[in-house]
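Taking it in order: structure first as structure tokens, then the write-up.
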There are 2 protein chains.
Amino acid sequence: MQNSPDSPPPTLLERIRSKITSGELEPGNPLSEVSLAQEFDVSRTPIREVLKQLQLEGLIEIRPKVGTFIREPNRREIVELFQLKEVLEGLAAALMARRGPCPELDDLEEIVAASEVSSNAGDTDTYASQVQDFHQTLVDGADNNKLVEQYARLMNQLAYFRLVRKTLKHPGRAVDSSREHRQILTMIKDKDPFGAETTMRAHVFASTQELLVPQTRTTLSLERDS
Amino acid sequence: MQNSPDSPPPTLLERIRSKITSGELEPGNPLSEVSLAQEFDVSRTPIREVLKQLQLEGLIEIRPKVGTFIREPNRREIVELFQLKEVLEGLAAALMARRGPCPELDDLEEIVAASEVSSNAGDTDTYASQVQDFHQTLVDGADNNKLVEQYARLMNQLAYFRLVRKTLKHPGRAVDSSREHRQILTMIKDKDPFGAETTMRAHVFASTQELLVPQTRTTLSLERDS
DNA sequence: GACCCTTTTGATGCATGCAACATAGCATCG
DNA sequence: CGATGCTATGTTGCATGCATCAAAAGGGTC
């Protein structure tokens, strides 16, 4: 959905990154340069460049002279990333409200309408992907490329795919979430940046709570990290 | 000031990056791999890895088979980055207010007190560095490592050094700025996250305006930006 | 004199080989 | 039997050489 206009051949970086973010590789799994080189039929050199960049993105950890491992963010990092997610998406909502009519606004309208159907029908799988679309479209609609980049990096680090599946299992959460989406959309259309930002942040915060609570009892215990 | 506790030998990445962010190299200047390799007495391979990462950070542009060039953000990108700066520093202020007493809070107190002196004395050079300290200390004090990382990347992209020198030339801006710093510090100590965030964002926005307005006509002509 | 084609040059892109090091397994010794 | 040192192996770190390609320089023609 995000590369519908043009799909240039995916970069080696993107291909390897998607192997990680898609969950194809388990966290902690070692990533050998030679095996990756063989798999993608290239030399070790371009593989190394990619791995260095993925380390910079926080997806993997290169232990010198030992090996490369898929990194799993600990609980503290997840909380930190969600704090960032909250303000970034809040900024996106505010910017979009200030911007006024744009193609992404129409897309949002469609997504919200469709997600209301699926959430009421209890189709959580469909709704989950529509949630992704909603947030991504909103960020795109902010018309701020640097925001888009930072947001993409953040979502990659979260390996968001791995988390969302859990968050919507809660009965009633999908319906609440859908209602919040509708509120945000209305405020954007009303050109209310402050309201849109505030509501968006509350929405992200609520979703975060839903996502973090079931894993441990205490919400933000920030236990020992590293 | 940022590596007072421990200064491990700066990595190649940091050394090359600082060559760019320090202004030692002009934007548009070509960066040859071989010349860098000779300068740092290493092979082209590690240089290439560093350049790839700097490209990911947005500092340079690698035109395949042509060369590597220092990238200057155009006006639109600068605006985008400052929008991000606003919400990130706002978040930092809010988190610090929620956090309560911490070493960074004491540091802030000292910085603000010292900067009030220099701003009233009209010592803009000293005040400029204290402004840097204020913002950096605030971000550090938020106790969110991911925020620190994103903020560092953002400031690198802005090549902030190159901009700040201009912003404080405006008569009276330093005094206003100093007063805003004091307000923010008070709200943090009062544990008022919302007030601290709001004031911080207003402060960043005001500084941004000061910085962007005067250079409209001459500095950034916004030539074709590829 | 202007334009186009060819050549040359200089840069990156990648493959490969060797060196350095961390780790695990094993033999040896107390 | 446990601890310790040694060796084997697998990994990354880096240097170097060749292939590839883009852009500029040069020569020829109209």
Side-chain angles (χ1 to χ4, degrees), chain A residues 6-21 24-73 156-157 226, chain B residues 6-21 24-72 156-157 223-226:
Chain A
D6 50 355
S7 290
T11 317
L12 199 62
L13 173 65
E14 293 165 342
R15 293 175 67 186
I16 295 183
R17 179 164 45 206
S18 76
K19 276 182 74 78
I20 301 174
T21 57
E24 182 177 337
L25 270 45
E26 292 286 313
N29 216 320
L31 277 181
S32 168
E33 291 180 359
V34 288
S35 58
L36 283 175
Q38 290 173 356
E39 177 177 350
F40 291 100
D41 201 50
V42 292
S43 167
R44 278 181 48 220
T45 307
I47 297 289
R48 296 197 80 246
E49 290 173 355
V50 166
L51 292 182
K52 273 289 187 74
Q53 296 179 51
L54 289 178
Q55 182 185 38
L56 208 75
E57 294 183 19
L59 281 177
I60 64 177
E61 177 184 3
I62 300 178
R63 294 168 57 183
K65 306 283 189 147
V66 176
T68 304
F69 305 90
I70 298 186
R71 189 156 147 54
E72 179 164 52
N156 279 335
Q157 279 193 65
S226 79
Chain B
D6 50 355
S7 290
T11 58
L12 200 63
L13 173 66
E14 292 165 343
R15 294 175 66 187
I16 295 183
R17 178 165 45 208
S18 78
K19 276 183 74 78
I20 301 174
T21 57
E24 181 176 339
L25 270 45
E26 292 286 313
N29 216 319
L31 277 182
S32 168
E33 292 180 0
V34 288
S35 58
L36 283 175
Q38 290 174 356
E39 177 176 349
F40 291 99
D41 200 51
V42 292
S43 167
R44 278 181 50 221
T45 306
I47 297 289
R48 295 197 80 245
E49 291 174 354
V50 167
L51 292 182
K52 274 287 187 72
Q53 297 179 51
L54 289 177
Q55 182 185 37
L56 208 75
E57 293 183 21
L59 281 177
I60 64 176
E61 177 184 2
I62 300 177
R63 295 169 55 182
K65 305 284 187 151
V66 176
T68 304
F69 306 90
I70 298 186
R71 190 155 146 48
E72 179 165 52
N156 279 334
Q157 280 193 62
E223 62 231 73
R224 57 116 178 78
D225 53 307
S226 74

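Protein chains get the first letters and strands the later ones, always in sequence-line order, with residue 1 at the start of each.
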key: Presence of salt bridge, A:Glu61 and A:Arg71, under 4.0 angstrom   = no
message = With a cut-off of less than 4.0 Å, is there a side-chain N or O of B:Thr68 near OP1 or OP2 of C:dA11?
response = no
message = Is the phosphate of C:dC21 approached by A:Arg63 (side-chain N or O, under 4.0 Å from OP1 or OP2)?
response = no
note = Checking C:dT12, C:dA15, D:dC14 against the side chain of B:Glu33 (C-beta onward), the nearest is C:dT12
What integer distance in Å separates [X]:[atom1] from [N]:[atom2]?
X: B:Asn29; N: C:dA11; atom1: CG; atom2: C1'; answer: 15 Å
X: A:Phe40; N: C:dC14; atom1: CZ; atom2: C1'; answer: 17 Å
X: B:Ile62; N: C:dA11; atom1: CD1; atom2: P; answer: 15 Å
X: A:Ile47; N: D:dT12; atom1: CD1; atom2: C1'; answer: 14 Å
X: B:Glu61; N: C:dA11; atom1: CD; atom2: P; answer: 17 Å

ask   = What is the distance from atom CD1 of B:Ile60 to atom CG of B:Asn29, rounded to the nearest 0.5 Å?
value = 12.5 Å
query = CD of B:Glu49 to CG of A:Leu51: how many Å apart, nearest 0.5 Å?
reply = 9.5 Å
ask   = For DNA chain D, whose closest nucleotide is more 5', that of B:Pro64 or that of A:Leu31?
value = A:Leu31
key: A:Lys65 or A:Thr45, whichever maps to the more 5' nucleotide of DNA chain D   = A:Lys65
Expected output: side-chain B:Thr11 to main-chain B:Glu14 donor-acceptor under 3.5 Å = yes
inquiry  = Nearest heavy atom decides the nucleotide; on that basis, is A:Ser43 or A:Val66 closer to the 5' end of DNA chain C?
reply    = A:Ser43
message = So B:Arg44, base contact, sugar-phosphate only, or nothing? Heavy-atom distance under 4.0 Å.
response = base
